[in-house]
Amino acid sequence: MILADSPTLPPNLTRLLSLWDSKRSGKIMPARRDFSLEDLWPWMGYLHLVELEQSGTDGRYRVFATASTERFRQEMTGRLISQYQPVELAARALEDHAAIVAGKAPVTPTV
């Protein structure tokens, strides 16, 4: 996992992080409603939208990235992170989720 403020972040993710930071408006994290479809368009197909569940220890994919669906050959929209298969991928995804919840900041998983 790469912390999102890492100098090794690719330029397209640096732009996404700048957008995320600009939408915080003094808050710890921006809300989904702070972003328009146009804001996120360059990254569509690569973003997951996750709603916290079980006191933040799990999350439900409200949007599961098309690129991830194609890469891992499973659609997770509407399902819990913990339901991901194989279980090793679920464990890694839950680790990433925990890091985001704990740090209240984006991370870039290494795969």
Side-chain angles (χ1 to χ4, degrees):
M1 178 176 345
I2 302 168
L3 295 177
D5 62 355
S6 170
T8 63
L9 209 58
N12 64 329
L13 292 181
T14 300
R15 288 190 302 277
L16 179 57
L17 179 60
S18 293
L19 172 66
W20 183 89
D21 203 34
S22 74
K23 298 293 184 172
R24 291 183 338 154
S25 302
K27 301 177 286 192
I28 293 174
M29 294 182 76
R32 167 59 190 99
R33 67 182 168 275
D34 295 329
F35 296 92
S36 70
L37 181 60
E38 292 78 17
D39 289 334
L40 298 173
W41 191 255
W43 302 279
M44 284 299 180
Y46 298 94
L47 297 175
H48 300 298
L49 178 60
V50 178
E51 183 177 347
L52 295 179
E53 294 212 359
Q54 301 178 15
S55 301
T57 60
D58 205 345
R60 184 170 305 278
Y61 290 106
R62 293 300 174 196
V63 174
F64 191 72
T66 304
S68 294
T69 298
E70 291 170 357
R71 181 176 183 183
F72 298 109
R73 294 182 176 89
Q74 59 185 309
E75 171 58 66
M76 291 296 294
T77 299
R79 298 177 65 198
L80 293 171
I81 296 171
S82 58
Q83 294 175 313
Y84 209 78
Q85 292 297 316
V87 294
E88 296 81 19
L89 283 179
R92 286 178 52 194
L94 285 168
E95 286 176 16
D96 293 340
H97 177 75
I100 293 165
V101 171
K104 296 184 177 17
V107 298
T108 302
T110 55
V111 181

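Just the heavy atoms: all of them, side chains too, but no hydrogens, waters or symmetry mates, feed the values below. Position 1 is the first residue of the sequence; numbering continues from there.
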*Looking at side-chain heavy atoms only, is the closest gap between L19 and L40 below 4.5 Å?*
yes
*Would L49 and Y46 show up in the same hydrophobic cluster when neighbours are defined by side-chain heavy atoms closer than 4.5 Å?*
no
_Looking at every non-hydrogen atom in both residues, tell me the closest pair between Q74 and M76 and how far apart they are._
OE1-SD, 3.7 Å
*Mark yes or no for whether R24, through its side chain, and M29, through its backbone, hold a donor-acceptor pair below 3.5 Å.*
no
*Under 4.5 Å between side-chain heavy atoms, hopping through other hydrophobics if needed: is there a path connecting F64 to V87?*
no
*About how many Å separate CE of M44 and CG of D39, when rounded to the nearest 0.5 Å?*
9.5 Å
_Please give me the minimum heavy-atom distance between G59 and V50, naming the atom from each residue._
CA-CG1, 3.7 Å
*Would you kindly confirm whether I28 and W20 end up in one hydrophobic cluster when ILVMFWY residues are joined by side chain heavy atoms under 4.5 Å apart?*
yes
*What is the distance from atom CD of Q54 to atom CZ of R60, rounded to the nearest 0.5 Å?*
8.5 Å
*Quick one: does H48's side chain have a donor or acceptor within less than 3.5 Å of a partner on T77's backbone?*
no
*Got a donor-acceptor contact below 3.5 angstrom from the D96 side chain to the A93 backbone?*
no
_Flag side-chain contact, heavy atom, 4.5 Å: L52 against H97_ = yes
*asked:* More than 12 heavy atoms of other residues, nucleotides or ligands under 6.0 Å from CG of L37: yes or no?
replied: yes
*Using modelled atom types only, decide if a donor and an acceptor are shared between the side chain of W43 and the backbone of N12 within a distance under 3.5 Å.*
yes
*Taking all heavy atoms of G45 and all of A65, pick out the closest pair and write down the distance.*
O-CB, 3.4 Å
*Check S82 against A90 and note the closest heavy-atom contact, atom names and distance.*
O-CB, 4.0 Å
_Give me the atom names and distance for the closest heavy-atom approach of D34 to K27._
OD2-NZ, 2.6 Å
*Do the side chains of V63 and L47 join up, straight or via other hydrophobic residues, at under 4.5 Å, putting them in one cluster?*
no
*Determine the interplanar angle of the F72 and Y84 rings, folded into 0 to 90°, and report it as parallel if under 30°, tilted if 30 to 60°, perpendicular if over 60°.*
perpendicular
*Could you tell me whether the side chains of S18 and D21 share a donor-acceptor contact shorter than 3.5 Å?*
no
